[in-house]
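For reference, the structure is listed below as structure tokens.
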2 protein chains.
Amino acid sequence: MSVGHTAVTVLPVSSYAEEDCGIREVLDRIGDKWSVLVIVELTPGVRRFRQLQRALPGISQRMLTLTVRRLERDGLVARTVHPTVPPQVEYRLTDLGNSFTHMVKALAEWSADHRDRIADSRRAWDEANPGSDVR
Amino acid sequence: MSVGHTAVTVLPVSSYAEEDCGIREVLDRIGDKWSVLVIVELTPGVRRFRQLQRALPGISQRMLTLTVRRLERDGLVARTVHPTVPPQVEYRLTDLGNSFTHMVKALAEWSADHRDRIADSRRAWDEANPGSDVR
DNA sequence: CAGCATCCCGATGGATACTG
DNA sequence: CAGTATCCATCGGGATGCTG
């Protein structure tokens, strides 16, 4: 077997979007249902587990745990356990998490600024394309 | 029945993260697997269907169609059909779509800037938490 | 209080085949 | 070329029950 014979993994090129620009990584981190909301909720300061859950109506214990663990793993959130009875666990943003806050803020502003326009566009599209399963 | 009796919809408060700030809307729009990548790919200019598909290795016809339709519905992308043979369809960003480009750029920069730090954090966490299913 | 362990369902999205 | 139509596997995430 000569060199370059097996497993060449073609992958033609990819003008822009490919793996080179790290968009996919960010999306994998914040694209899920709760991560950004948790970050937003931690922006004002430290929160305890139950506090977070109450502040995020609809989140299950399981998902809050998972979300907060992943954020901790990524270094966006710090977790502090106070070995008391009953147990007390605090969550806060790290510097890294705080830096990400700016992104979220920009995103929220963009959303607020263009919300109406998007809603209009959707109405128009839906009217022009009745009975479409796109939605 | 007196006023204010039915359907009070409790919903305690929701300090920050609730529906009021439009984060959820943005995430519903860009949190999927391909939307942002398509937008990135359209940033340099107009693209045709197959061009997009080739530029986005791994995307299926179905998903490209769905993604591009949703973006069109939201008013981020404009679709132009040239009734030729064979058919030719062009996609380009609208002004709205272009404005969103800035968000994506910021996200990409943030990702690039902190990629290493996050990777380190993950390694450390994985080492400190062996055999965890969090990942 | 702050979780972990299970079970399970619906949505997302990939593969494939067909069409104007 | 630019789609549409199906079928199907995966998996994110909700509900529930138990524990230190």
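Just so it is clear: chains get the letters A, B, ... in the order the sequence lines come, proteins before strands, and each one is counted from 1. What you see is a predicted model; the values in this text were computed from it and never measured.
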How many Å lie between NZ on B:Lys33 and C1' on D:dA9, as a whole number? 13 Å
Considering just the side-chain nitrogens and oxygens of B:Arg50, establish if one lies under 4.0 Å of OP1 or OP2 belonging to D:dC1. yes
Just how far, in rounded Å, is P of D:dT4 from CG of A:Asn129? 10 Å
How would you give the extent of chain A contacts on DNA chain C, as first and last nucleotide 5' to 3' within a 4.0 Å heavy-atom cut-off? C:dC1 to C:dT6
Protein-nucleotide distance (B:Arg135, atom CZ; D:dC11, atom C1'), rounded to Å: 10 Å
Whole-Å distance, B:Met63 CE to D:dT4 P, equals 13 Å
Given atom CZ of A:Arg62 and atom C1' of D:dG12, what is their separation to the nearest angstrom? 8 Å
D:dG13 P sits how many Å from B:Asp32 CG, rounded? 13 Å
Flag the pair B:Glu41 and B:Arg47 as a salt bridge only when some basic side-chain nitrogen lies within less than 4.0 angstrom of an acidic carboxylate oxygen. yes
If you count the non-hydrogen atoms of other residues, nucleotides and ligands that lie under 6.0 Å from CZ in A:Arg79, is the total more than 12? yes
DNA chain C: B:Asp133 or B:Gly31, which has the more 5' nearest nucleotide? B:Asp133
A:Ile23 with B:Trp110, same ILVMFWY side-chain cluster at under 4.5 Å: yes
Going by heavy atoms in the side chains, are B:Trp125 and B:Arg122 under 4.5 Å from each other? no
Should the heavy atoms of other residues, nucleotides or ligands under 6.0 Å from CG of A:Asp95 be counted, would the total exceed 12? no
Roughly how many Å is it from CD in B:Gln53 to P in D:dA2, rounded to a whole number? 10 Å
Quiz item: cation-pi between A:Arg24 and B:Trp34, 6.0 Å / 45°: yes
Is B:Arg48 close enough to D:dA2 that one of its side-chain N or O atoms is under 4.0 Å from OP1 or OP2 there? yes
Do A:Arg123 and A:Glu127 meet the salt-bridge criterion of a basic N to acidic O distance under 4.0 Å? no
Among residues 67-92 of chain B, which contact DNA chain D at a heavy-atom distance under 4.0 Å? B:Arg69, B:Arg79, B:Pro86, B:Pro87, B:Gln88, B:Val89, B:Tyr91
Interatomic distance where CG belongs to A:Asp28 and P belongs to D:dC11 [whole Å]: 13 Å
For the OH atom of B:Tyr91 and the CD atom of B:Glu72, what is their distance to the nearest 0.5 Å? 7.0 Å
Out of B:Thr101, B:Leu56, B:Val104, which one pairs with B:Val40 under the side-chain contact (heavy atoms from CB on, under 4.5 Å) rule? B:Val104
